[in-house]
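Numbering starts at 1 and runs along the sequence shown.
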Amino acid sequence: MTTPLKLTVITAGLGKPSTTRLLADRLAEATAAHLEENGREVTTRVIELRELAGDIAQHLVTGFPGPALRDALDATTGADGIIAVTPVFNASYSGLFKSYADLLEADQLAGRPVLVGATGGSARHSLVLDHAMRPLFGYLRTVTVPTGVYAASEDWGGGTDPLVDRLPERIRRAGRELAALMAGAPGAGAGGPAPASAPVGEREVIPFAEQLAALRPQR
């Protein structure tokens with residue numbers, strides 16, 4: 001029996017309800033749907049950073065995480081795939097989001113597939129994905145999927161489905177890319193260390209061309 005894959009969703013939205021959480025949920029649903037279509041079971045854990053703000057600040061000062069924060073960090077480092085979504089403040093990720101990232105050591109997420117997303121009031125802030133979030137996760141040595149998803153205010157509307165314009169397609173494409181990397185990762189579902197941290201002689205190496213082929217859009 002195949003062990004279920006572990007998907008951890010990190011959302012740094014400050015409001016309740018939050019468009020950041022809404023985008024994170026849609027990305028998680030898209031990823032899970034693609035995995036299930038390919039016969040892979042997935043369990044999803046959502047981490048609301050606003051609920052951990054006090055614990056994060058305390059940990060930065062004392063170096064000791066409380067039980068709730070320790071559980072969140074374990075869920076992050078033990079995931080087979082990660083979705084990270086932040087609101088944009090002053091053309092970058094939020095301070096709360098960065099503070100949580102500061103608690104992670106570079107090697108803890110090495111080789112882990114990550115989908116990045118962001119929300120903001122204007123489409124002008126969409127470059128935050130490439131100018132801030134990708135470099136951050138590059139430092140953490142993760143594998144960031146090609147499609148990042150930014151949702152501006154105009155991407156959300158009324159009616160029964162709040163998603164309009166091309167946002168649904170971007171979400172589906174990003175979810176498909178993350179699902180492909182999660183399903184193809186050596187040791188996926190084992191809940192152990194990231195593949196890149198295993199001894200070289202024990203790692204299964206997937207050719208880069210094969211990984212790219214798995215990410216091609218379906219026609």
Side-chain angles (χ1 to χ4, degrees), residues 5-25 27-28 31 43-122 125-145 148-151 178 182 190-198:
L5 295 168
K6 297 178 182 179
L7 174 63
T8 295
V9 182
I10 302 169
T11 170
L14 300 179
K16 193 173 184 179
S18 162
T19 56
T20 302
R21 172 63 189 268
L22 182 58
L23 177 59
D25 287 343
L27 291 170
T31 303
T43 59
T44 302
R45 166 72 183 276
V46 178
I47 298 173
E48 287 266 15
L49 295 186
R50 74 182 190 88
E51 298 176 356
L52 298 171
D55 290 343
I56 292 171
Q58 188 72 16
H59 184 18
L60 289 171
V61 174
T62 65
F64 296 99
L69 180 56
R70 179 73 273 167
D71 181 60
L73 290 169
D74 288 343
T76 301
T77 58
D80 296 300
I82 296 170
I83 295 172
V85 186
T86 178
V88 177
F89 292 102
N90 293 333
S92 188
Y93 35 65
S94 72
L96 179 60
F97 183 86
K98 180 58 165 62
S99 294
Y100 184 73
D102 286 343
L103 304 181
L104 300 168
E105 298 178 9
D107 289 340
Q108 288 183 307
L109 297 182
R112 209 68 50 91
V114 174
L115 191 170
V116 295
T119 59
S122 168
H125 295 302
S126 62
L127 290 177
V128 69
L129 296 175
D130 293 323
H131 289 186
M133 296 193 73
R134 289 188 189 277
L136 172 63
F137 283 100
Y139 172 78
L140 293 173
R141 300 177 59 202
T142 66
V143 178
T144 309
V145 303
V149 181
Y150 177 83
L178 179 60
M182 288 178 64
S197 62

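Sorted by first and then second residue, the side chain to side chain donor-acceptor pair (under 3.5 Å) pairs with a member in residues 8-24 read T20-T119, R21-D25, R21-E48; sequence neighbours excluded.
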>> Run the side chain to side chain contact (heavy atoms under 4.5 Å, CB included) test on L7 and L178 for me, step by step, so that the C-alpha distance in whole Å, both residues' side-chain angles and the decisive distance to 0.1 Å come before the verdict.
In response: CA-CA 10 Å; L7 174 63; L178 179 60; 4.0 Å; yes
>> Would T86 and L49 count as a side chain to side chain contact (heavy atoms under 4.5 Å, CB included) here? Give the steps.
In response: CA-CA 10 Å; T86 178; L49 295 186; over 6 Å; no
> Yes or no on side chain to side chain contact (heavy atoms under 4.5 Å, CB included) for I82 and T142, after CA distance, side-chain angles and deciding distance?
Replying inline: CA-CA 10 Å; I82 296 170; T142 66; 6.0 Å; no
> Going through the checks in order, is the side chain to side chain contact (heavy atoms under 4.5 Å, CB included) test met by M182 and T31?
Replying inline: CA-CA 9 Å; M182 288 178 64; T31 303; 4.1 Å; yes
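Minimum heavy-atom separation, L14 to R50: O-CD, 3.6 Å. Closest non-hydrogen pair, V128 versus A91, comes out as CG2-O, 4.0 Å. The shortest heavy-atom contact between G111 and V143 is O-CG2, 3.9 Å. Across all non-hydrogen atoms, the minimal contact from P87 to G13 is CD-N, 4.1 Å. Counting all heavy atoms, side chain and backbone alike, A28 lies closest to T44 at CB-CG2, 4.3 Å. Nearest heavy-atom pair across H59 and F64 is ND1-N, 3.1 Å.
Salt-bridge check for R45 with D71: passed, with a basic side-chain N closer than 4.0 Å to an acidic carboxylate O.
V85 places none of its side-chain heavy atoms less than 4.5 Å from the side chain of F97. Between P65 and L103, every side-chain heavy-atom pair lies at or beyond the 4.5 Å cut-off. You'll find the side chain of Y150 stays beyond 4.5 Å of the side chain of L127, heavy atoms only.
A distance of 10.5 Å separates NE2 in H125 from CZ in F89, rounded to the nearest 0.5 Å. One finds the CG atom of D74 at 9.0 Å from the CD atom of Q108 (value rounded to the nearest 0.5 Å). F137 contributes atom CZ, which lies 12.0 Å from atom CZ of R112 (distance to the nearest 0.5 angstrom). Here the CD1 atom belonging to I83 is positioned 12.0 Å from the CD1 atom belonging to I47, to the nearest 0.5 angstrom. Here the CD1 atom belonging to I10 is positioned 5.0 Å from the OH atom belonging to Y100, to the nearest 0.5 angstrom.
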